[in-house]
Amino acid sequence: MKKKIALIFGVTGQDGYYLTKLLLKKNYIVHGVKRRSSSVPTKRIDIFLNQRNFKLHYGDITDFSSIQSLIKKVKPKEIYNLAAQSHVGVSFYTPLYTANVNAIGVLAILEAIKNSNNKIKFYQAGTSEMFGKVREKKQNEKTNFNPQSPYGAAKVFAHQITKNYRDAYNMFASNGILFNHESPIRGENFVTKKIISSLTKIKYGMQKNLVLGNLYAKRDWGHAKDYVEAIYKIVQKKKADDYVISTGRDYTIKEFVNKTAKILKMKLKWKGKGLHETAVDENNKIIISIDKKYFRPLEVDYLRGNSYKAKKELGWKTNLSIDDIIKEMVDFELRIINKL
Ligand code: NAP
Ligand code: GDD
């Protein structure tokens, strides 16, 4: 049987790694797109570089000509767009850039598909950040969008334009609305990775302290490995549609810190309030403090998803709990510093 061909924008990122692994296992030929950068950006996917069914190309979703020529050359059956400036906090510092990549870049891919072969199946990496400030206890596909950042606003455009191309040009163009998902290869400046990597180093005297921002935001955290399974299932459907992917459970950043400390067998005691809140170790030494530079001009206080539709229509469910995720991430850090 002829192998399916997939093209992944954003292949060098966290989800790019897990999706490539999944598609190669399913016998796909996977073409990934990397950006030119002054240092090697392929750390996460080096493991695939010598595999016959994996090929890397230069490109950028803000460069229409590169998207067009890649589609012509690769002739994919499925295109997964995972590419984005994915940091919400950074999007306040680079709003135009973020909009150009996260909104206009998506439109560029849709245009290129429409002009070349509108039978290609397209997946757009949407986000719970599109819900933003919410009133509902759990957010689902019917919840209104109310983004609170340039990142979230650009993703709303991407979501809407994906739907528009689906309806206007009869294209298979689906949106995932994914809640936070983590893994050992999560980017260093997302809060889970920052907490786990710092506390592990603090425990072994390799770092003095950890400085955080808002401890009281709540997030619904899953594992990237489970979430790319959902992405794959969304694209295998006969009809394009939009799906919320989440665990349905939420925790504060502070609860995440406490869970990590427990797994590392560290004793933490919280003191003070607001910007003066700290956590001390058993010797009463401050190891966690707060700095307002990590607060965002606008915050998304609460996210918790309802994935009933994905369960019913995709047969998808989350397998790994928050404790499984933290344990795997802690073990990964311990191996790096030779303590496991
Ligand atoms: P990530 O690790 O930051 O990866 C982002 C990827 O996009 C990287 O490969 C990056 O390349 C690439 N990229 C950035 N700008 C690009 C451009 N102009 N052209 C081509 N590629 C570009 O993010 P992730 O966690 O894997 O997330 C994947 C996608 O899901 C993103 O769109 C993100 O917004 C969305 N999402 C993520 C989550 C989550 O919790 N992880 C939740 C909901 C939605 P470099 O390696 O060169 O930087
Ligand atoms: N990054 C970071 N660093 N966040 C901190 C810190 C810190 O030092 N201290 C507190 N936080 C809080 C943030 O204010 C936010 O409320 C929460 O921790 C989570 O921040 P991030 O881990 O940066 O993730 P995010 O929720 O903003 O965005 C992630 O999830 C989205 C889906 O909801 C990213 O992966 C986005 O790309 C994704 O769309």
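When a ligand or atom number is given, it counts from 1 through the structure's own listing order. Values below: all heavy atoms of this structure, side chains included; hydrogens, waters and symmetry mates excluded. Being a predicted model, the structure only gives us computed values, none of them experimental.
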Between [options], flag the one that comes closest to [atom] by a heavy atom.
{"atom": "atom 14 (C) of ligand 1", "options": "Ala84, Ser86, Gly105, Ser91", "result": "Ala84"}
{"atom": "atom 8 (C) of ligand 1", "options": "Asn102, Asn180, Thr12", "result": "Thr12"}
{"atom": "atom 28 (C) of ligand 1", "options": "Ile67, Leu82, Ile45", "result": "Leu82"}
{"atom": "atom 17 (C) of ligand 1", "options": "Val228, Leu19, Asp15, Asp60", "result": "Asp60"}
{"atom": "atom 36 (N) of ligand 1", "options": "Tyr151, Phe9, Trp221, Tyr80", "result": "Tyr151"}

Report every pair formed by an N or O atom of ligand 2 and a protein N or O atom separated by less than 3.5 Å, giving atom names and the distance to 0.1 Å.
unit_1	atom_1	unit_2	atom_2	d
ligand 2	1 (N)	Asn189	O	3.0
ligand 2	8 (O)	Lys194	NZ	2.7
ligand 2	9 (N)	Gly213	N	2.8
ligand 2	14 (O)	Glu299	OE2	2.6
ligand 2	16 (O)	Arg219	NH2	3.2
ligand 2	16 (O)	Glu299	OE1	3.1
ligand 2	16 (O)	Glu299	OE2	2.9
ligand 2	22 (O)	Val191	N	2.8
ligand 2	23 (O)	Arg296	NH2	2.9
ligand 2	26 (O)	Asn180	ND2	2.9
ligand 2	26 (O)	Arg219	NE	2.8
ligand 2	27 (O)	Arg296	NH1	2.6
ligand 2	30 (O)	Asn180	OD1	3.4
ligand 2	30 (O)	Asn180	ND2	3.1
ligand 2	33 (O)	Ser128	OG	2.6
ligand 2	33 (O)	Asn180	OD1	2.6
ligand 2	35 (O)	Arg186	NH1	3.2
ligand 2	35 (O)	Arg186	NH2	2.8
ligand 2	37 (O)	Ser86	O	2.6
ligand 2	37 (O)	Tyr151	OH	2.9
ligand 2	39 (O)	Thr127	OG1	2.6
ligand 2	39 (O)	Tyr151	OH	2.5

State whether a side-chain donor-acceptor pair under 3.5 Å links [X] with [Y].
{"X": "Asn319", "Y": "His223", "value": "no"}
{"X": "Thr62", "Y": "Asp60", "value": "yes"}
{"X": "Glu182", "Y": "Thr192", "value": "yes"}
{"X": "Asn284", "Y": "Lys271", "value": "yes"}

Where ligand 1 meets [X] - atom numbers and elements under 4.0 angstrom, heavy-atom basis:
{"X": "Leu178", "result": "42 (C), 43 (C)"}
{"X": "Gly13", "result": "2 (O), 4 (O), 8 (C), 9 (O), 26 (O)"}
{"X": "Gly126", "result": "43 (C), 44 (C)"}
{"X": "Val101", "result": "15 (N), 18 (N)"}

Just to confirm my output: which protein heavy-atom neighbour is closest to [atom], and how far is it?
{"atom": "atom 48 (O) of ligand 1", "answer": "Arg35 NH2, 2.8 Å"}
{"atom": "atom 2 (O) of ligand 1", "answer": "Gln14 N, 3.0 Å"}
{"atom": "atom 30 (O) of ligand 1", "answer": "Ala125 CB, 3.5 Å"}
{"atom": "atom 6 (C) of ligand 1", "answer": "Gly10 CA, 3.7 Å"}
{"atom": "atom 21 (N) of ligand 1", "answer": "Ala83 CB, 3.4 Å"}

Heavy-atom count check: over 12 atoms from other residues, nucleotides or ligands less than 6.0 Å from [X] [atom1]?
{"X": "Arg44", "atom1": "CZ", "answer": "yes"}
{"X": "Asn117", "atom1": "CG", "answer": "yes"}
{"X": "Ile47", "atom1": "CD1", "answer": "no"}

State plainly whether the residues [X] and [Y] are in salt-bridge range, i.e. N to O under 4.0 Å.
{"X": "Glu299", "Y": "Arg219", "result": "yes"}
{"X": "Asp331", "Y": "Lys327", "result": "yes"}
{"X": "Glu333", "Y": "Lys339", "result": "no"}

So for [X], does at least one of its heavy atoms come nearer than 4.0 angstrom to any atom of ligand 1?
{"X": "Val33", "result": "no"}
{"X": "Lys155", "result": "yes"}
{"X": "Arg186", "result": "yes"}
{"X": "Phe179", "result": "yes"}
{"X": "Ala224", "result": "no"}

Counting only heavy atoms closer than 4.0 Å, does ligand 1 sit against the backbone of His181, its side chain, both, or neither? both

Of the side chain and backbone of Ile61, name the one, both, or neither that has a heavy atom under 4.0 Å from an atom of ligand 1. both

Compute both the distance and the angle, then confirm whether Lys225 meets the cation-pi test with Tyr18: under 6.0 Å from the six-membered ring centre, within 45 degrees of the axis.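 Checked: cation-pi criterion not met.
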
If you draw the axis of the six-membered ring of Tyr294, does the NZ or CZ of Lys194 fall within 45° of it and under 6.0 Å from the ring centre?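 Because its charged atom sits under 6.0 Å from the ring centre and within 45° of the axis, Lys194 does stack over Tyr294.
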
Partners meeting salt bridge (charged side-chain N to carboxylate O under 4.0 Å, His left out) with Lys133 (sequence neighbours left out): Asp301

Determine, using ring centers only, whether Trp316 and Tyr227 are less than 6.0 Å apart. yes

Let me check something: any side-chain donor-acceptor pairs from residues 93-111 under 3.5 Å, sequence neighbours excluded? List them with distances.
unit_1	atom_1	unit_2	atom_2	d
Thr94	OG1	Val90	O	3.2
Thr94	OG1	Thr98	OG1	3.2
Tyr97	OH	Arg35	NH1	3.1
Thr98	OG1	Gln85	NE2	3.2
Thr98	OG1	Thr94	O	2.7
Asn102	OD1	Gln85	N	2.8
Asn102	ND2	Gln85	O	3.0
Glu111	OE2	Lys114	NZ	2.9
Glu111	OE2	Tyr165	OH	2.6

Running the 4.5 Å side-chain criterion over Ile, Leu, Val, Met, Phe, Trp and Tyr, what cluster does Leu303 land in, apart from itself?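 Members besides Leu303, by chain and number: Met130, Phe131, Val134, Phe145, Val156, Ile177, Phe179, Val244, Val300, Tyr302.
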
